[in-house]
Amino acid sequence: MMYAPHILQVKQVLPFQEDEFGHAIPDTGGEKWVTLCKCRCDDNTTKEFNSPNGEVYRPNYHVVCEMNVEIKAGTEVRCLEGESVRGEGKVYIVKNANYFNNSELWL
């Protein structure tokens, strides 16, 4: 991809570790953001999707990644523009291209 000014990150949730009595050990779990690749995050103004049960929804962001990513629908992601967040949300649909080796996400 020629133009990828943003960085795609995925939220990773780590479970708490437990001691021998089944109690959670403090400072062992939590959430962190893992950087995947460079991307381009655009505001979505026109694309609508129909769900199998007939609901129509319009995602807020369209993200094009410079590589095929292994992300499933429902995963929380965000796009960074420098130090600020450009777009953030749960993934509705993931499409991987065969020939160009890139992925499209709708948040």
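Note that the coordinates shown come from a computational prediction; the quantities given were computed from them, not determined experimentally.
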Tell me whether [X] shares a hydrophobic cluster with [Y], the cluster being built from Ile, Leu, Val, Met, Phe, Trp, Tyr side chains joined at under 4.5 Å.
X   : Y    : value
V77 : I7   : no
L8  : L107 : yes
L36 : L80  : no

With distance as the sole test, does [X] use its side chain to make a donor-acceptor pair with the main-chain N or O of [Y] at under 3.5 Å?
X    : Y   : value
S103 : M67 : yes
D19  : H23 : yes
R86  : C41 : yes

So, taking the atom named [atom1] in [X] and the one named [atom2] in [Y], what distance separates them when rounded to the nearest 0.5 Å?
X   : Y   : atom1 : atom2 : value
C65 : K95 : SG    : NZ    : 14.5 Å
N60 : N44 : CG    : CG    : 8.0 Å
Q12 : T75 : CD    : OG1   : 11.5 Å

Taking [X] first and then [Y], would you say they form a salt bridge - that is, a charged N and a carboxylate O separated by under 4.0 Å?
X   : Y   : value
E31 : K11 : yes
R78 : E88 : no
R58 : E48 : yes

Indicate the atoms forming the closest heavy-atom contact of [X] with [Y], along with that distance.
X   : Y   : result
F16 : G29 : CD2-N, 3.6 Å
H62 : V64 : CE1-CG2, 3.6 Å
E66 : A4  : OE1-CB, 4.4 Å

Does CD in E83 sit with more than 12 non-hydrogen atoms of other residues, nucleotides or ligands closer than 6.0 Å?
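Not buried by this count: 12 neighbours or fewer within 6.0 Å.
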How about F100: does its CZ atom have over 12 heavy atoms from other parts shown lying under 6.0 Å from it?
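Incorrect, the count does not exceed 12.
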Quick one: are the ring centres of Y61 and W106 less than 6.0 Å apart?
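No - the distance between ring centres of Y61 and W106 does not fall below the 6.0 Å cut-off.
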Pair Y57 and Y92, ring centroids less than 6.0 Å apart
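Close enough - the centres of the two rings lie under 6.0 Å apart.
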4.5 Å side-chain heavy-atom contact, I93 and L105:
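No, too far: nothing below the 4.5 Å cut-off.
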Any side-chain heavy atom of Q17 within less than 4.5 Å of one from I25?
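Answer yes - side chains close enough.
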For N102 and E104, run side-chain contact (heavy atoms from CB on, under 4.5 Å): C-alpha distance rounded to whole Å, both residues' side-chain angles, the deciding distance at 0.1 Å, then the answer.
CA-CA 7 Å; N102 64 0; E104 293 184 63; 5.5 Å; no
Derivation of the side-chain contact (heavy atoms from CB on, under 4.5 Å) call for C37 and V69:
CA-CA 9 Å; C37 62; V69 293; 4.0 Å; yes
